[in-house]
Amino acid sequence: MSELQQEKVIDGFNLVVKAMKINKITEIYGVAGIPVTDLMRLAQENGIKYYGFRHETSAGFAAASSGYLQQWPGVCMTVSAPGFLNGMVALANATTNGFPMILISGSSNRAIVDLKQGDYEELDQMNSATPYAKAAYRINRVEDIGIGIARAIRTSLSGRPGGVYLDLPAALLPAVMPYESGLASLITVTDPAPAQFPSEHAVKQAIDLLRTAKRPIVVIGKGAAYARVEHDLKTFIEDASLPFLPMSMAKGLLPDLHPLSAATARSLVLGKADVVLLIGARLNWLLSHGKPPLWAETAKIIQLEIDSVEIDSNRRIDVPVVGDVASTMKLILKEFAKGTFKAPKEWLDVISIKKKENAEKMASRLENRTVPMNFFTALSTVNKVMQTFPDACLVSEGANTLDVGRNLIDIKKPRHRLDSGTWGTMGIGMGYAIAAAVTQQSPVVALEGDSAFGFSGMDVETICRYELPVTIIVMNNGGIYRGDDINRFNKGDPGVTTLMASARYDVMMEAFGGAGYNATTPDELETQLNKAITSGKPSLINVLIDIHAGTESGHLKKLNTTQGK
Ligand code: ADP
Ligand code: TZD
Ligand code: MG
């Protein structure tokens, strides 16, 4: 053997795993197959945890929620073409929500793919990913693995976080290069989301405007939750007695039962506010685009936002404060001398009166403890139990289940609520719940509409296989929105929103060795939920909900074509 042949080499498989290790990628979520199975095994051998799912979309959702919860990209790994496309749903969803995530897919032979000669699972994956991802990269040369992975990590985390696609052609993985130069080619990413301070001028303008406010309101979004600003936010809000509205995933940055929360007077505060301070929240459909009738045309708006092109996207922003919100809050606290501004008492009183009125209305609604249960009865029971488990993370999806639960379930801690998010995506349930359980070491409750659960339900097997402390609550009203739809044209066939009201989702959980419960009354639900969370074992409660309960399209009735007219 010549001296050259004896030289120690390293292959693509090992370089990919080493590059992930040195960059604190501690878990991979995915589904195995050609050409990534051995890559997954090698990752396991090197101490990276691998979570094998039943569907790549769920694995991708897990990676996305891991990214959001840890401020570090979650990694999903899939096979070519169909596996890649399944993962893409989650990657696009991550980008839309601003969660850092990397989808790594193996891809087929480039020469054959590019001439469309029909390779196994042939697809031009990088170009397919481009329109839906924050960025898409392909690593063609083994010596570029280090730089490719560093680039994916930095891109996913910088500015507004998002989903990055990384294409690994099958030929890359077994390719070799000299061992020492291979190791030297790896890059440990430093400071991928550097502090971005806004201009002092912008901060001053924001404070000056806020000081003129007679009816201020602070709207907190999941950008603030991601940025972990709860400590400074609390100091700021409490010192200035500012009423606040949390968006759904910002619930818990300050506890929902905080006296300054205006969540139960939402329409009033948005309609009457003269100065609105948006912190890490977009004026998208979830905030009625900042437009009348929900919003006052005359309200002045201050927006704390990392992405400058978000400013003026839906209406004029009077004071853009572009920077990362953690750095911005530090500057605001420094400039906004303690105790120099208080929201006017008259405004706080108006809010308090409305809150009281609405609380009384809700209380009378909750008195109705009918059987079969409606959404209010069941979800207030879920709330009662969850208050005794403040560390439990809540994941939620559905329509009525999601909307009513958002109002009824109080969250006490930051980043303890994950939900369908910006797209209103069904299917996030099991993936988000699994990653929350894996990364947070706390119990997880997945609160699911029966339709919503169906999108990722097979991953209960994953929950059981990894013995995760996840309790799934299926709000079974036998349908999408309601269970009493009829087929108006072909009697005998089910209606378009009908599902099986008699389905026993709890038995499905038992099939995999988890605990199944069937709750027909609020008392049963209370006992079972307590038991399930306390057990720390995979559990599923099938909750019988009146098939006539619920509103078609939940809170979005006006968006359904015929109902909107
Ligand atoms: P919500 O749905 O809770 O209203 P959105 O996802 O619509 O929240 O908005 C979150 C906003 O926060 C996005 O515009 C995003 O760019 C911004 N954001 C994300 N991270 C940061 C950060 N570190 N600092 C400031 N803004 C951020
Ligand atoms: N597909 C995807 C991926 N996302 C969606 N949002 C939908 C379809 C449409 N859709 C909703 O917007 S909510 C919903 C669907 C199918 C399910 C609502 O039924 P549910 O909840 O049983 O989950 P409730 O409690 O019965 O309202
Ligand atoms: Mg339903």
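Just so it is clear, the values below take in all heavy atoms, side chains as well, and ignore hydrogens, waters and symmetry mates. Atoms within each ligand, like the ligands themselves, are counted from 1 in listed order.
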Proximal ligand 1 atoms for [X], defined as those under 4.0 Å from one of its heavy atoms:
X: Gly221; value: 3 (O)
X: Gly323; value: 24 (N), 25 (C)
X: Ala227; value: 23 (N)
X: Asn284; value: 7 (O)

Considering the heavy atoms of [X], write down every atom of ligand 2 situated less than 4.0 Å from one of them.
X: Gly398; value: 21 (O), 23 (O)
X: Phe375; value: 25 (O)
X: Asn477; value: 26 (O)

Starting from [atom], which protein heavy atom do you reach first, and at what distance in Å?
atom: atom 12 (O) of ligand 2; answer: Tyr481 OH, 4.2 Å
atom: atom 6 (N) of ligand 2; answer: Gly424 O, 2.8 Å
atom: atom 21 (O) of ligand 2; answer: Ala399 N, 3.2 Å
atom: atom 8 (C) of ligand 2; answer: Phe455 CZ, 4.0 Å
atom: atom 22 (O) of ligand 2; answer: Asp450 OD1, 2.6 Å
atom: atom 25 (O) of ligand 2; answer: Thr401 OG1, 2.6 Å
atom: atom 26 (N) of ligand 1; answer: Ile306 N, 3.2 Å
atom: atom 4 (O) of ligand 1; answer: Met247 CG, 3.3 Å
atom: atom 23 (O) of ligand 2; answer: Ala452 N, 2.9 Å
atom: atom 3 (O) of ligand 1; answer: Lys222 N, 2.7 Å
atom: atom 7 (C) of ligand 2; answer: Met426 CG, 3.9 Å
atom: atom 10 (C) of ligand 1; answer: Gly280 O, 3.1 Å
atom: atom 24 (N) of ligand 1; answer: Val325 N, 2.8 Å

Sub-4.0 Å heavy-atom approach of [X] to ligand 2:
X: Gly550; answer: no
X: Gly479; answer: yes
X: Trp423; answer: no

When Leu394, Ile411, Asn407, Ile409 are each screened for side-chain contact (heavy atoms from CB on, under 4.5 Å) with Asn383, the one that passes is Ile409
Taken to the nearest 0.5 Å, the spacing of Phe53 CZ from Ser456 OG works out to 9.5 Å
More than 12 heavy atoms of other groups within 6.0 Å of [X] [atom1]:
X: Lys291; atom1: NZ; value: yes
X: Arg151; atom1: CZ; value: no
X: Lys330; atom1: NZ; value: no

Any N or O on Asp324 sitting closer than 3.5 Å to an N or O of ligand 1? no
Whether the [X] and [Y] side chains hold a donor-acceptor pair (N or O, under 3.5 Å, no angle test) is what I'd like checked.
X: Ser261; Y: Asp256; answer: no
X: Gln440; Y: His416; answer: no
X: Asn374; Y: Thr377; answer: yes

[X] side-chain N/O to [Y] backbone N/O, donor-acceptor pair under 3.5 Å:
X: Asn476; Y: Ala503; result: yes
X: Asp459; Y: Ile463; result: no
X: Asp312; Y: Ile317; result: yes
X: Lys251; Y: Arg406; result: yes
X: Gln303; Y: Val276; result: no

query = From Gly483, does some N, O or S atom reach closer than 2.8 Å to the Mg ion (ligand 3)?
reply = no
(message) Between Asn477 and the Mg ion (ligand 3), is there a contact where an N/O/S atom of the residue lies under 2.8 Å from the metal?
(response) yes
Of [options], which has the heavy atom at the shortest distance from [atom]?
atom: atom 18 (N) of ligand 1; options: Pro100, Gly223, Ala193, Pro198; answer: Gly223
atom: atom 13 (C) of ligand 1; options: Met249, Arg228, Glu305, Glu310; answer: Glu305
atom: atom 27 (O) of ligand 2; options: Asn400, Thr57, Ile547; answer: Asn400

Correct closest heavy-atom pair for Arg415 and Leu253 would be NH1-CD2, 4.2 Å
In terms of heavy-atom contacts, Leu242 and Leu210 come closest through CD1-CD2, 4.3 Å
The atom of Asp450 among N, O or S that is nearest the Mg ion (ligand 3) is OD1
Between Arg316 and Asp318, is there a side-chain N and carboxylate O pair less than 4.0 Å apart? yes
Is atom 15 (C) of ligand 2 less than 4.0 angstrom from some protein heavy atom?
yes
Margin query: Quick one, Leu260 and Val218 - any side-chain contact, counting heavy atoms below 4.5 Å?
Written below: no
With heavy atoms and a 4.0 Å threshold, my read on which part of Arg282 contacts ligand 1 is both
request  = Would you check if the distance from the ring center of Tyr132 to the ring center of Tyr165 is below 6.0 Å?
outcome  = no
